[in-house]
Amino acid sequence: MKIAKVIVDLPLMQTDKPFSYAISKEFQSLIELGMRVHVPFGTGNRLVQGIIVGIEEEKDAENSSVNLKDIAELLDVEPVLTEEQLWLADEMRHSVFSYKISCLKAMLPNLLNSNYDKLLKSADGAVSKWSQLTEEEKISSAKAVRAGQLSVEYLAKSKENRRTEKYLSIPDLEKLAEFEIEKRAKKRLELKYFLLRMTEEKIALKSLNFSSQIIKFFIEHDLVKIEEVEISRTKDKFEAIENDSAKVLNSEQESAYEKIIASSDKPFLLEGITGSGKTEVYLQTIDHFLQMGKTAIMLVPEISLTPQITNRFIARFGDKVAIMHSGLSDGEKYDEWRKIKSGKAQVVVGARSAIFTPVENLGIIIIDEEHETSYKQDSSPRYHARDIALLRAKWHGATLVLGSATPSLESRARAMRGVYELLLLTKRANEAAILPEIKIIDMRSEISDQSANFSQSLLAKIKEKIDKDEQVILMLNRRGYSSFVMCRECGFVVDCPNCDISLTLHMDTRTLNCHYCGHVQGIPQTCPNCQSRKIRYYGSGTQKVEEELREIMPEARVLRMDVDTTRTKNAHEKILEKFGNHEADILLGTQMIAKGLDFPNVTLVGVINADTGLNLPDFRASERSFELLMQVAGRAGRADKKGEVLIQTFNPHHYAIEMTKAQDYEKFYEMEMRFRRELSYPPYYFTVQVLVSHQDEEVAIQKSYEISQILKQNLTEKAKILGPTARPIARTHNLYHYQILVKYRFEEELESALNQVLELTQLRDNKNLRILIDSEPQNFV
DNA sequence: AGCACGCCGACT
DNA sequence: GTCGGCGTGCTC
């Protein structure tokens with residue numbers, strides 16, 4: 001007898017271990033590692049989904065299978081998780097402090113997760129579904145179950161679905177030709193002659209213009225055969241794109257390409273200025289590995305997963321490409337996943353989670369814009385795509401390339417220490433394109449009387465460009481910034497009732513929203529504090545800036561791109577297409593316009609507020625600002641027209657701003673490293689954050705100190721433990737948050753100490769205590 | 001999570 | 001006397 005080890009789909013500490021189940025005879029030969037199953041769990045034997053992570057030969061009588069329950073159902077005919085993915089889940093757990101099932105589920109498309117339901121059956125045979133009952137009905141049914149009047153049957157159903165299309169074919173042409181149809185049956189005759197003239201082997205049913213009645217007649221007489229063919233929900237996109245072939249590389253690109261394909265000993269850091277043609281290097285190296293019969297994963301930040309980028313991959317590799325991004329529906333994601341799983345796609349282009357896709361025979365992984373924080377998932381499991389990439393590269397002996405114009409300090413420091421091999425691209429690929437000229441506008445001395453957001457010089461420059469029929473990109477930095485409502489009389493700001501944060505104004509819905517807990521309320525007419533009517537809107541959301549722009553420059557055509565205008569599907573795409581067709585002069589947007597866009601007619605980039613992210617309580621604030629500014633600056637002058645960049649700031653002498661003006665990554669790197677070293681921050685130290693939350697502030701504080709004590713006892717004296725301190729936003733969702741930051745270099749006992757901290761939540765009196773552990777946290781605000 | 005077991009208050 | 005409140009503990 002064999003025993004299966006199953007991880008059940010219950011994300012809890014108590015169930016975070018494999019459970020043993022007997023494998024009944026019928027499943028013996030079918031069951032494999034990485035398959036999904038339904039197993040009876042708990043006293044009620046309700047069905048729960050689980051994943052097979054081990055199959056063992058039964059050893060001793062003690063643990064005999066008579067004590068074990070049987071696996072109820074096999075959900076797959078072949079494993080949905082590969083052996084490599086099971087291994088990845090194990091490895092991940094050393095750093096993500098999350099449940100095993102959460103790690104495993106991160107690797108599966110949503111559609112493969114079960115729906116749970118119960119069937120209630122009464123003695124007279126009436127059946128009802130639990131999920132369809134009202135609250136009262138649920139209560140009365142529960143009582144009836146207790147009284148034995150109703151029996152319960154557990155249902156667990158995989159949501160998996162495929163889209164199919166019906167195709168019609170003719171099994172026997174002669175039979176059809178000889179089959180007599182009465183003359184008055186006009187439609188039937190029509191279909192008969194249509195089918196006889198048909199040249200294709202089969203035809204999609206929906207493309208025929210005959211009623212189902214007519215078709216049915218033909219089916220009943222065995223004149224035609226219907227088969228269901230599975231279709232891909234994402235197919236249409238691929239057909240519309242024209243092919244494209246490799247471009248000639250310049251000497252720098254060529255040398256980078258040669259080095260990348262030659263060795264996979266250590267990861268490469270490809271540092272190339274904007275416009276230096278990193279993407280072309282990616283495309284050609286991927287092509288090289290495809291030629292060798294291998295596969296590739298290309299990661300890009302979600303925000304820059306624009307059609308512009310994905311189309312380049314489709315144009316080069318056609319239907320060998322699978323695209324994975326959050327804009328896809330669950331069904332579409334599932335289709336792409338199966339395209340990868342079946343080996344039909346050999347190149348995966350996608351955001352963070354695409355690092356888990358089950359490609360076999362991996363040759364190369366490329367992470368573009370590797371400094372992007374979106375590669376770290378900020379909910380459980382809190383993995384960093386770069387770490388997963390390193391693991392997968394190791395498993396496959398694959399090459400890993402990290403690319404960026406402004407590498408993260410961590411990566412650049414590793415390259416300096418020889419852990420990564422540094423490859424530099426210093427020239428623009430299009431030699432006619434020269435680097436844009438960057439000017440800083442000191443807003444302290446240039447406040448315009450005409451506008452709250454624009455300096456005279458920026459306005460004049462915009463006008464000049466529009467007059468020349470060139471285009472402009474304007475960026476409003478939203479990081480650490482939002483529009484809010486304040487009373488001019490008493491200074492009262494409307495706060496969220498659940499969180500320690502002011503509500504953000506949304507003009508489109510005319511509401512005040514909390515960005516943390518989702519609380520929504522109307523905009524007050526009078527001040528809730530002093531009843532004054534002098535309630536004013538502060539800050540400049542993109543909407544506000546757009547209005548202002550329209551007032552000052554009514555002739556300019558403005559397109560706005562922010563969360564509000566890109567909410568609907570493909571909205572992103574449509575806006576960019578419009579701008580690309582020069583249907584607008586100005587593209588006004590938030591951070592999302594900083595990345596990846598390539599519009600040759602854009603000759604001016606304006607940054608409206610460079611400094612909002614600069615003074616955040618986050619040691620990476622400068623790095624982020626520098627990266628963002630450098631990136632958005634790169635949008636100007638992509639072709640042979642010279643680009644200009646104007647940056648408005650109240651901190652013109654901040655080094656992040658000055659180094660942007662000089663376009664000097666090296667210098668910025670040096671200065672930032674000095675600061676990191678002085679304060680013992682990454683990349684000199686590793687960091688782990690422990691977040692403690694409780695609805696009672698006193699308890700939150702007390703438990704934080706307890707945790708800090710545990711850490712101190714278990715770690716060496718070299719580890720630096722900061723805090724506990726209240727989070728910058730100390731209360732959200734009616735919970736108080738305290739944080740502890742551990743900075744360390746080598747700590748043998750760290751993992752076990754942190755697990756010990758997590759164990760605290762299992763104690764009876766800590767029921768309402770929430771502890772989150774985040775290794776290498778990316779956001780402190 | 002969901003279900004049972006178990007130990008204390010207001011009801012036929 | 002019991003029905004039922006939800007605190008506690010376990011699930012192969």
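Numbered from 1 within each chain, the chains take letters A, B, ... in sequence-line order.
Pairs of residues two or more places apart, or lying in two chains, never qualify as salt bridge (charged side-chain N to carboxylate O under 4.0 Å, His left out) while including a residue from residues 685-699 of chain A. Contacts classified as salt bridge (charged side-chain N to carboxylate O under 4.0 Å, His left out) and involving residues 770-781 of chain A (residues at least two apart or in different chains) are given here: A:Lys376-A:Asp774, A:Arg382-A:Asp774.
In this structure, A:Asp9 places its CG atom 11 Å from P of B:dG2, rounding to the nearest Å. Here the C1' atom of nucleotide C:dG7 and the CG atom of A:Asn768 are 13 Å apart, to the nearest Å.
Applying the side chain to side chain donor-acceptor pair (under 3.5 Å) rule to A:Arg731 yields the partners A:Asn734; only residues at least two apart in sequence or on another chain are considered. Contacts of A:Tyr375 classified as ring pair (Phe, Tyr, Trp, His ring centres under 6.0 Å), with partners at least two apart in sequence or in another chain: none. With sequence neighbours excluded, the residues forming a ring pair (Phe, Tyr, Trp, His ring centres under 6.0 Å) with A:Tyr744 are A:Phe686, listed by chain and number.
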Mind listing the N/O atom pairs, protein and nucleotides 8-12 of chain C, below 3.5 Å?
residue	atom	partner	partner atom	Å
C:dT11	O3'	A:Gly42	N	3.3
C:dC12	OP1	A:Tyr21	OH	3.4
C:dC12	OP2	A:Lys69	NZ	2.2
C:dC12	O3'	A:Ser20	O	2.8
C:dC12	O3'	A:Lys69	N	2.9
C:dC12	O2	A:Ser20	N	2.5
C:dC12	O2	A:Ser20	OG	3.4

